[in-house]
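Structure record follows, encoded as structure tokens.
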Amino acid sequence: AQRVTQPEKLLSVFKGAPVELKCNYSYSGSPELFWYVQYSRQRLQLLLRHISRESIKGFTADLNKGETSFHLKKPFAQEEDSAMYYCALRRNDYKLSFGAGTTVTVRA
Amino acid sequence: GAGVSQSPSNKVTEKGKDVELRCDPISGHTALYWYRQSLGQGLEFLIYFQGNSAPDKSGLPSDRFSAERTGGSVSTLTIQRTQQEDSAVYLCASSLDNGEAFFGQGTRLTVV
């Protein structure tokens with residue numbers, strides 16, 4: 001079995017402040033981890049994946065296998081970052097599971 | 001290039017009726033996923049397909065829910081004898097085995 005945990009349902013930060021969204025997982029195999037984002041009235045879309053190790057829209061996420069975490073970070077939040085963020089895990093058999101999601105609000 | 005398409009976009013049905021939700025994945029995508037999105041509940045996994053086979057049906061909430069995929073393409077999620085607690089947005093996604101999952105716009109189901 002696998003589990004993805006996002007402990008924060010809501011996160012509110014001021015523009016220009018750092019933001020960190022927590023994600024912890026449990027899985028006995030070698031997972032692939034993702035962050036997906038859903039902006040208002042848009043489809044859910046990929047933000048980044050751990051194997052790419054790239055920064056998208058200023059966001060980064062590092063897979064920490066020791067702590068089984070894949071936290072999403074951005075040093076300076078922007079108002080356009082307000083959205084729903086989902087952490088996801090894909091198993092070796094390609095099943096893709098999501099966490100409960102975190103709603104981020106960036107205030108001016 | 002078409003993305004993942006779901007129909008209908010909205011469906012209002014009476015309690016006890018059956019509904020069929022359709023998903024047209026991106027051509028060539030081997031994996032197809034169904035999720036349910038409820039307010040405050042996040043993305044609940046329902047079922048996924050590899051080709052026409054469903055290796056994991058563990059997320060289907062009850063035996064009133066079923067899904068099939070034909071020709072490695074279109075998938076249909078059927079809910080029989082709908083209940084009010086079935087009201088939610090049903091999302092479909094498709095991907096290549098190791099690729100990014102692309103989502104449809106969802107079907108908003110309201111059971112009255």
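The chains referred to below are lettered A, B, ... by the order of the sequence lines, with proteins before strands, and numbering in each begins at 1.
Each of A:Glu32, A:Arg49, A:Arg90 has some count of heavy-atom pairs under 4.5 Å with chain B, and the biggest count is that of A:Arg90. Looking only at heavy-atom pairs under 4.5 Å with chain A, the residue among B:Pro55, B:Gly59, B:Ala101 that has the most is B:Ala101. Per-residue counts of heavy-atom pairs under 4.5 Å with chain A were compared for B:Phe45, B:Tyr48, B:Phe102, B:Tyr33; the largest is that of B:Tyr48.
Of the two parts of B:Glu44, neither the backbone nor the side chain holds a non-hydrogen atom closer than 4.5 Å to a non-hydrogen atom of chain A. Interface residue B:Leu96: only backbone heavy atoms are found under 4.5 Å from chain A. No part of B:Thr30 comes within reach of chain A, as not one of its non-hydrogen atoms sits under 4.5 angstrom from that chain. B:Ala31 does not touch chain A: none of its heavy atoms, backbone or side chain, sits under 4.5 Å away. Proximity to chain A is limited to the side chain of B:Asp56, based on heavy atoms less than 4.5 angstrom apart. Contact annotation for A:Arg41: neither backbone nor side-chain heavy atoms come within less than 4.5 Å of a heavy atom of chain B. Of the atoms belonging to A:Tyr86, it is side-chain heavy atoms, and not backbone ones, that fall under 4.5 Å from chain B.
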Query raised in the report: Going through the checks in order, is the side chain to side chain donor-acceptor pair (under 3.5 Å) test met by B:Gln80 and B:Arg64?
Result: CA-CA 5 Å; B:Gln80 295 178 310; B:Arg64 295 186 295 105; over 6 Å; no
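The aromatic rings of B:Phe103 and B:Tyr35 lie tilted to each other, with the angle between the two planes from 30° to 60°. Using the six-membered ring where Trp is involved, A:Phe70 and A:Trp35 have ring planes that are parallel, under 30° apart on the 30 and 60° scheme.
Contact check on A:Lys57 versus A:Asp81 returns no salt bridge, with no Lys/Arg side-chain nitrogen under 4.0 Å from an Asp/Glu carboxylate oxygen. A:Lys73 has no carboxylate O lying under 4.0 Å from a charged side-chain N of A:Asp62, or vice versa, which leaves the two without a salt bridge. Taking the charged nitrogens against the carboxylate oxygens, A:Lys22 and A:Glu20 do have a contact shorter than 4.0 Å, which makes a salt bridge.
For A:Tyr36 and A:Phe98, the gap between ring centers is short of 6.0 Å.
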